[in-house]
Amino acid sequence: MREDLMDIICCPLDKNELDLEVIRRDDDEIMEGRLACTECGEEYPIEDGIPNLLPPDMREESAA
């Protein structure tokens, strides 16, 4: 994911801003990390450069 996406994405639950924590970068792409809502505290993983912005209950279902 590119860091400039932070200007347009928000928490899918309450539409508040997300804080970015980068674990691994590859040039301009964030390959691993975490997005955390500034209001509700829900966390969304970034894996292989793709942010998973599904609500927590839907994330668990899609992994099964």
Side-chain angles (χ1 to χ4, degrees):
M1 118 169 203
R2 295 181 55 93
E3 196 162 348
D4 57 4
L5 276 178
M6 294 302 295
D7 294 336
I8 59 173
I9 60 175
C10 63
C11 179
L13 298 177
D14 59 19
K15 309 299 184 229
N16 283 294
E17 291 184 13
L18 296 168
D19 283 334
L20 172 65
E21 177 187 335
V22 177
I23 296 172
R24 185 171 59 92
R25 242 182 230 277
D26 187 6
D27 295 323
D28 289 339
E29 292 283 323
I30 299 164
M31 299 306 291
E32 279 186 65
R34 180 176 20 249
L35 298 166
C37 179
T38 57
E39 192 64 31
C40 71
E42 189 60 53
E43 294 185 350
Y44 303 93
I46 302 169
E47 298 172 342
D48 298 322
I50 302 169
N52 185 343
L53 294 173
L54 287 173
D57 57 334
M58 293 182 76
R59 248 185 281 153
E60 293 166 7
E61 290 173 12
S62 68

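Judged as a side-chain contact (heavy atoms from CB on, under 4.5 Å), and not counting sequence neighbours, the contacts of D19 are T38. In this structure E47 satisfies the side-chain contact (heavy atoms from CB on, under 4.5 Å) test together with P45, sequence neighbours excluded.
Taken from CD in E17 to SG in C10, the straight-line distance is 9.5 Å, to the nearest 0.5 Å. Once rounded to the nearest 0.5 Å, the distance linking CD of E29 with CD of E3 reads 11.0 Å. Residue M31 holds its CE atom at 5.0 Å from CZ of R24, rounded to the nearest 0.5 Å. The distance from the CD atom of E42 to the SG atom of C37 is 8.5 Å, given to the nearest 0.5 Å.
With a 4.5 Å cut-off between side-chain heavy atoms of Ile, Leu, Val, Met, Phe, Trp and Tyr, the cluster of I9 takes in M1, L5, M6, I8, L13, L18, L20, V22, I30, L35, Y44, I46, L53.
Side-chain atoms of N52 come within 3.5 Å of backbone atoms of L54 as a donor-acceptor pair (strictly under, hydrogens ignored). Checked by atom type and distance alone, the side chain of D48 never pairs as donor or acceptor with a backbone atom of I50 at under 3.5 Å.
Heavy-atom contacts from other residues, nucleotides or ligands closer than 6.0 Å to CD of E21 number more than 12. Counting non-hydrogen atoms of neighbouring residues, nucleotides and ligands closer than 6.0 angstrom, the CG atom of D28 reaches no more than 12 such neighbours.
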